[in-house]
Amino acid sequence: MADLPAAASVLLEETKQTPAVLFEGPMGAGKTTLIKELCRQLGVQDEVSSPTFALVNEYEATGGKLIYHFDFYRIENEREALDMGALEYFDSGRMCLVEWPSLVPNLLPEHYLLVTLQPSADGRERTMTINHI
């Protein structure tokens with residue numbers, strides 16, 4: 001994704017008003033790759049990886065700001081997300097980056113950015129759509 005830094009920069013501008021960002025798209029669409037670039041631009045020094053088994057990773061950005069990265073792909077049910085404190089994370093006011101949010105529809109924050117990534121037929125390009133909800 002040659003335009004990855006530019007796409008992440010555009011998205012970061014949008015997060016100034018809404019810190020919760022939900023990422024939808026098929027497996028391999030580039031959700032985690034985009035999140036890695038967002039975190040890089042925010043100054044995260046730690047390795048950014050999908051928290052598929054932990055459900056949430058915490059990163060520290062420049063200035064000590066915390067970022068929470070969720071991956072609900074392997075979640076069994078919404079109760080599992082509740083038990084790990086998803087609502088408290090979402091209500092924290094900190095940036096929350098959520099992969100596979102459609103698996104926890106009743107727990108999502110009231111306002112968020114919905115980022116939909118769609119790969120082209122040949123898989124070489126991605127289309128990013130941002131909606132304010």
Side-chain angles (χ1 to χ4, degrees):
M1 290 178 27
D3 295 330
L4 181 62
S9 181
V10 166
L11 184 53
L12 281 178
E13 281 300 312
E14 299 292 327
T15 65
K16 290 179 180 176
Q17 298 296 322
T18 308
V21 186
L22 284 52
F23 296 84
E24 285 289 359
M27 185 72 70
K31 296 178 291 293
T32 303
T33 300
L34 180 55
I35 289 171
K36 286 179 181 182
E37 179 61 20
L38 288 169
C39 289
R40 187 193 69 74
Q41 290 187 23
L42 289 167
V44 171
Q45 299 296 312
D46 297 326
E47 179 182 342
V48 175
S49 62
S50 186
T52 303
F53 295 102
L55 297 182
V56 64
N57 285 344
E58 180 178 305
Y59 311 118
E60 186 175 329
T62 301
K65 295 179 183 178
L66 295 179
I67 300 168
Y68 302 120
H69 177 195
F70 300 84
D71 185 336
F72 292 123
Y73 181 72
R74 295 196 190 284
I75 199 161
E76 296 290 325
N77 54 54
E78 288 184 336
R79 169 58 57 198
E80 191 177 343
L82 276 173
D83 290 347
M84 55 80 65
L87 293 178
E88 289 80 9
Y89 284 109
F90 294 157
D91 289 340
S92 71
R94 295 188 171 107
M95 181 175 281
C96 292
L97 308 173
V98 183
E99 296 186 55
W100 302 100
S102 59
L103 297 175
V104 292
N106 298 309
L107 305 181
L108 301 177
E110 184 177 353
H111 300 286
Y112 55 86
L113 295 175
L114 177 61
V115 177
T116 305
L117 297 172
Q118 187 61 46
S120 63
D122 65 8
R124 292 184 186 174
E125 296 180 3
R126 307 288 188 268
T127 301
M128 179 176 78
T129 306
I130 303 170
N131 291 300
H132 291 263
I133 310 290

Under 3.5 Å donor-acceptor pairs involving side-chain atoms of residues 109-117, not counting sequence neighbours:
none

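- When every heavy atom of Gly123 is checked against every heavy atom of Arg126, the shortest pair comes out as O-NH1, 2.7 Å.
- Linking ILVMFWY residues whenever their side-chain heavy atoms come closer than 4.5 Å, directly or via other members, places Val56 and Trp100 in the same cluster.
- You'll find the side chain of Met128 reaches within 4.5 Å of the side chain of Ile130, heavy atoms only.
- Considering only heavy atoms from C-beta on, Leu4 comes within 4.5 Å of Leu34 through its side chain.
- To the nearest 0.5 Å, atom OG1 of residue Thr32 and atom CD of residue Glu37 are 13.5 Å apart.
- Checked against side chain to side chain contact (heavy atoms under 4.5 Å, CB included), Pro105 has the following partners two or more places apart in sequence or in another chain: Glu78.
- Linking Ile, Leu, Val, Met, Phe, Trp and Tyr residues whenever their side-chain heavy atoms come within less than 4.5 Å places Leu108 and Met84 in a single cluster.
- Val48 and Cys39 make their closest contact through CG2-CB, 3.6 Å (heavy atoms, listed as atom of the first residue, atom of the second, distance).
- Connection of Leu87 to Leu22 is established within a shared hydrophobic cluster, with ILVMFWY side chains joined at heavy-atom distances below 4.5 Å, either directly or through further cluster members.
- Using a distance-only test at 3.5 Å, with no hydrogens or angles considered, a donor-acceptor pair links the side chain of Lys31 to the main chain of Pro26.
- Met95 contributes atom CE, which lies 10.5 Å from atom CD1 of Ile35 (distance to the nearest 0.5 angstrom).
- Both Leu55 and Tyr89 are assigned to one and the same hydrophobic cluster, defined by single-linkage of ILVMFWY side chains at heavy-atom distances under 4.5 Å.
- The distance from the CZ atom of Phe90 to the SG atom of Cys96 is 6.0 Å, given to the nearest 0.5 Å.
- Here the CG atom belonging to Asn131 is positioned 11.5 Å from the CD atom belonging to Glu24, to the nearest 0.5 angstrom.
- Rounding to the nearest 0.5 Å gives a distance of 9.5 Å between CG of Asp46 and CG of Asn57.
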Under 3.5 Å, which donor-acceptor pairs link side chains of residues 63-76 to any protein atom two or more places apart or in another chain?
residue: Tyr68; atom: OH; partner: Arg94; partner atom: NH1; Å: 3.3
residue: His69; atom: ND1; partner: Ser49; partner atom: O; Å: 3.4
residue: His69; atom: ND1; partner: Tyr59; partner atom: OH; Å: 3.0
residue: His69; atom: NE2; partner: Glu99; partner atom: OE2; Å: 2.7
residue: Asp71; atom: OD1; partner: Tyr73; partner atom: N; Å: 2.9
residue: Asp71; atom: OD2; partner: Ser50; partner atom: OG; Å: 2.4
residue: Asp71; atom: OD2; partner: Thr52; partner atom: OG1; Å: 3.2

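- For the pair Ser9 (side chain) and Ala6 (backbone), a donor-acceptor distance under 3.5 Å is absent.
- The environment of Gln45 atom CD is sparse: at most 12 non-hydrogen atoms of other residues, nucleotides or ligands sit within 6.0 angstrom.
- In terms of hydrophobic clustering, with Ile, Leu, Val, Met, Phe, Trp and Tyr side chains grouped at heavy-atom distances under 4.5 Å, Val98 and Phe23 are assigned to different clusters.
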